[in-house]
Amino acid sequence: MKASEDQWNRWIDGVLPADEAAAVAAMVAEDPESQDDQAFFARLSGDMKATIPAERTPPFADFFNSQLQKRLWDLEHPEPLEKRGGWKLPSWLRLSWAVPLGAAAAIVIGLSQIGLIGDRAVAQGSQIVSTYAPDASVSVETTFNADANAMVIRLTGVTPLPKDLILSFEPASKESSSVAGEVDEDGLVTLEGTSSLEVGTLPRAN
Amino acid sequence: MNNPSSPASDSREEPSTAVDPKTSAEVEGPADDELVVRCQQGDTSAYDTLVTRYRGRVYGMIYNMVKSEADAWDLAQEAFIKAWKALPKFEARSSFYTWLYRIAHNVTYDWMRKRKLQAEGEFDETVQRNIDPRARTVPSGVARPDDKLAHTELRVRIEEAIEKLSPDHKAVILLKEVDGHQYNEIAEITGVSIGTVMSRLFYARKKLQSLLKDVYESQ
């Protein structure tokens with residue numbers, strides 16, 4: 001007679017009453033392949049708890065909360081895209097962050113989950129949910145250009161780029177769609193695509 | 001083996017092994033039920049407190065399933081959005097934490113199903129996912145305390161073995177062994193009976209045993 005899956009699991013976890021545990025142990029003892037199960041899973045369970053964290057702080061945790069608040073606010077106060085003007089994060093949402101020497105501060109830009117997750121319909125043009133600059137000296141302002149049907153991002157406080165560097169736009173996730181972007185001499189950035197982005201610098205190709 | 005279906009409630013109680021965030025020394029402020037009432041009255045600052053309290057557990061659970069920081073971020077956001085929308089219907093039949101976990105699990109599971117991350121050939125040793133414990137898809141900029149884990153060969157082997165499980169089996173083994181949930185909580189989170197939880201747990205454990213037996217025999 002063999003232990004049921006229910007009994008076996010509870011026996012492995014040590015939560016059976018004593019008499020039932022003894023009965024299961026006797027059944028397991030008759031199965032050569034299962035005799036070491038309890039010791040094996042005691043070790044595996046301990047190793048899993050020790051090596052796989054149950055809790056992880058999300059990257060840019062304050063931005064996680066602020067973006068969520070923005071999205072909740074948008075849920076309660078939907079307005080047409082064309083009517084959205086410039087929008088800036090309050091300063092209390094910024095954190096001090098070490099600026100890479102000689103380069104623009106890395107900026108995480110959260111874009112709306114167009115077509116990726118959730119039930120939001122694909123909007124015309126791009127839509128930026130919120131922005132976050134880890135460096136307090138850098139500000140990010142977004143406006144919607146109705147003529148171009150695109151969201152424009154203005155970066156202020158970014159160290160002027162050396163001529164041998166260009167801005168790079170990298171999707172935060174390998175699975176994210178590709179992003180095309182350009183920046184003019186005034187620092188106006190036009191992006192197309194949907195993703196969470198990392199904005200940094202790359203050497204200009206010669 | 002016999003696999004009798006079990007009722008949703010079970011008289012043989014497990015000793016609690018889950019870490020209750022409410023009892024952690026780091027948790028301060030109002031209790032969850034008080035915050036939930038305030039949220040149901042439209043208090044978004046109360047919800048911000050709940051988000052701060054549980055974002056680590058939600059993000060951690062999702063990350064352990066999808067193994068991508070950016071995707072886990074997005075899915076965690078989606079889970080909290082869905083939870084906010086569903087709060088008016090929350091009746092406290094379970095703890096807020098368990099209820100939130102169920103939403104996060106469903107969001108993740110639906111996403112994985114869409115991404116067709118079902119394991120192919122579960123015992124196929126050639127189907128592997130390259131898992132670099134140090135891989136990041138977004139810059140952190142700041143050292144995270146929860147990332148200061150030893151990148152040992154054992155950890156990599158364990159994670160590789162878990163990645164070979166189907167989402168159903170991966171979910172129950174992580175909820176049990178990593179998150180420390182009880183059987184009835186796992187049943188509630190995954191939306192199945194305790195009997196199904198036991199069946200999946202049995203299968204997942206046996207599979208991990210076959211994949212990792214050599215690791216422990218060599219020690």
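Predicted model only: the values in this text are computed from it and were never measured.
Looking at B:I173 and A:M48, their side chains come closer than 4.5 Å, going by heavy atoms from C-beta outward. Annotation: side chain of A:I52 is not in contact with side chain of B:E177 (no heavy-atom distance under 4.5 Å). When side chains are defined from C-beta on, A:D37 does not count as touching B:R205, because their heavy atoms never get closer than 4.5 Å. Within the 4.5 Å cutoff, no side-chain heavy atoms of B:S45 are placed close to those of A:Q69. Counting heavy atoms from C-beta on, the side chains of B:W84 and A:R71 never come closer than 4.5 Å.
Between A:E5 and B:R200, no side-chain nitrogen of the basic residue sits less than 4.0 Å from a carboxylate oxygen of the acidic one, so the salt-bridge criterion is not met.
We find the CD1-CG distance between B:I81 and A:L72 to be 4.0 Å, quoted to the nearest 0.5 Å. Interatomic distance, CZ of A:F64 versus OH of B:Y59, reported as 9.0 Å (0.5 Å rounding). Note: B:E69 CD to A:R56 CZ = 8.0 Å, rounded to the nearest 0.5 Å. Here CZ of B:R55 is found 9.5 Å from CD of A:E55. Values are rounded to the nearest 0.5 Å. For the atom pair CG of B:L212 and CZ of A:F41, the computed distance is 9.0 Å after rounding to the nearest 0.5 Å. With rounding to the nearest 0.5 Å, the separation of OG1 in A:T51 from CZ in B:R157 is 13.0 Å.
In terms of heavy-atom pairs under 4.5 Å with chain A, the best-connected choice from B:V51, B:L174, B:D48, B:D110 is B:D48. In terms of heavy-atom pairs under 4.5 angstrom with chain A, the leader among B:I62, B:V178, B:T52, B:T44 is B:V178.
Heavy-atom distances place the side chain of B:I158, and not its backbone, under 4.5 Å from chain A. For chain A, the nearby part of B:I162 is the side chain; its heavy atoms alone come within less than 4.5 Å. Heavy-atom distances place both the backbone and the side chain of B:A76 under 4.5 Å from chain A.
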### Pair A:R10-B:M198, side chain to side chain contact (heavy atoms under 4.5 Å, CB included): steps then yes or no
CA-CA 9 Å; A:R10 293 180 191 275; B:M198 291 302 194; 3.6 Å; yes

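A donor-acceptor pair shorter than 3.5 Å can be found between the side chains of A:D47 and B:Y216. Side chains of B:Y183 and A:D6: no donor on one and acceptor on the other come within 3.5 Å.
Across all non-hydrogen atoms, the minimal contact from A:A54 to B:D179 is CB-OD1, 3.4 Å. The two residues A:F40 and B:L208 make their nearest non-hydrogen contact at CZ-O, 4.4 Å.
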